[in-house]
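See structure below.
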Amino acid sequence: MFTVLSQTTASPIGHISLGKLNLQHRSARIGKVLLAPEARGHGYTPVLLKKVLSYAFNTLQLHKVSLGVFDTNLRAKYIYEKFGFIQEGYFRDHVNVDNAYWGMYEMSILEHEWRALSLNHE
């Protein structure tokens, strides 16, 4: 789990986790990308992604990192695509939230794809 701290208050304003680590297949899954409402729209998600992907591919030497993003969050999907994530599939009516079904895009990035783009994210 990585945490973003406010530069002014040093209090946590966001988190991102890397779970479902599978060393045999050299894969993991990003989950729990959370930002406080007041921190949204200030460029923190790219910072979180840069840190977690660097850790995944440089430190853990993974081959693949995946994630799921709900179809109600197209802004996040756009950011993931900008970072090189490719849509692998779509799960229709995947979860029921307040009596409304949300679909989920399944996305991933491979090590060589990230390395080809990583200079763009420095």
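Scope of the values below: all heavy atoms of this structure, side chains included, with no hydrogens, waters or symmetry mates.
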For the atom pair [atom1] ([X]) and [atom2] ([Y]), what is the distance rounded to the nearest 0.5 Å?
| X | Y | atom1 | atom2 | value |
| --- | --- | --- | --- | --- |
| Tyr105 | Glu81 | OH | CD | 9.0 Å |
| Glu113 | Phe83 | CD | CZ | 14.5 Å |
| Lys77 | Asp71 | NZ | CG | 10.0 Å |
| Lys82 | Leu117 | NZ | CG | 11.5 Å |
| Trp114 | Leu62 | CH2 | CG | 11.0 Å |
| Met104 | Met107 | CE | CE | 11.5 Å |

- With a 4.5 Å heavy-atom cut-off, do Tyr90 and Glu106 have their side chains touching? no

I'd like to know if [Y] and [X] are part of one continuous hydrophobic network [Ile/Leu/Val/Met/Phe/Trp/Tyr, side-chain heavy atoms within less than 4.5 Å].
| X | Y | answer |
| --- | --- | --- |
| Val65 | Leu110 | no |
| Leu49 | Leu34 | no |
| Val69 | Phe2 | yes |
| Leu23 | Ile30 | yes |
| Tyr80 | Tyr55 | yes |

- Message: So, using ring-ring contact (aromatic ring centres under 6.0 Å, His included) as the criterion, who are the partners of Tyr101 when residues are at least two apart?
- Response: none

- Message: I'd like to check the ring-ring contact (aromatic ring centres under 6.0 Å, His included) partners of Phe70; sequence neighbours left out, ordered by chain and number.
- Response: Trp102

- Message: I'd like to know if Lys64 pairs up with Glu88 as an ion pair, taking the criterion as any Lys NZ or Arg NE/NH1/NH2 lying under 4.0 Å from an Asp or Glu carboxylate oxygen.
- Response: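 Salt bridge between Lys64 and Glu88, a charged N being under 4.0 Å from a carboxylate O: yes.
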
- Task: Quickly, which of Ile86, Leu67, Leu53 forms a side-chain contact (heavy atoms from CB on, under 4.5 Å) with Ile109? Name it, please.
- Result: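 When Ile86, Leu67, Leu53 are each tested with Ile109, the side-chain contact (heavy atoms from CB on, under 4.5 Å) holds only for Leu53.
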
- Is there a donor-acceptor contact under 3.5 Å from the side chain of Arg26 to the main chain of Gln61?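 Yes, the answer is positive, given that a donor and an acceptor are paired below the 3.5 Å cut-off.
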
Identify each donor-acceptor pair in which a side-chain atom of residues 11-20 lies under 3.5 Å from a protein atom, sequence neighbours left out, and give them as a table.
unit_1: Ser11; atom_1: OG; unit_2: Thr9; atom_2: OG1; d: 2.7
unit_1: His15; atom_1: ND1; unit_2: Thr3; atom_2: OG1; d: 3.1
unit_1: Ser17; atom_1: OG; unit_2: Gly31; atom_2: O; d: 2.7

- Step by step, work out the side chain to side chain contact (heavy atoms under 4.5 Å, CB included) result for His25 and Asn22. CA-CA 6 Å; His25 298 296; Asn22 185 317; 3.2 Å; yes

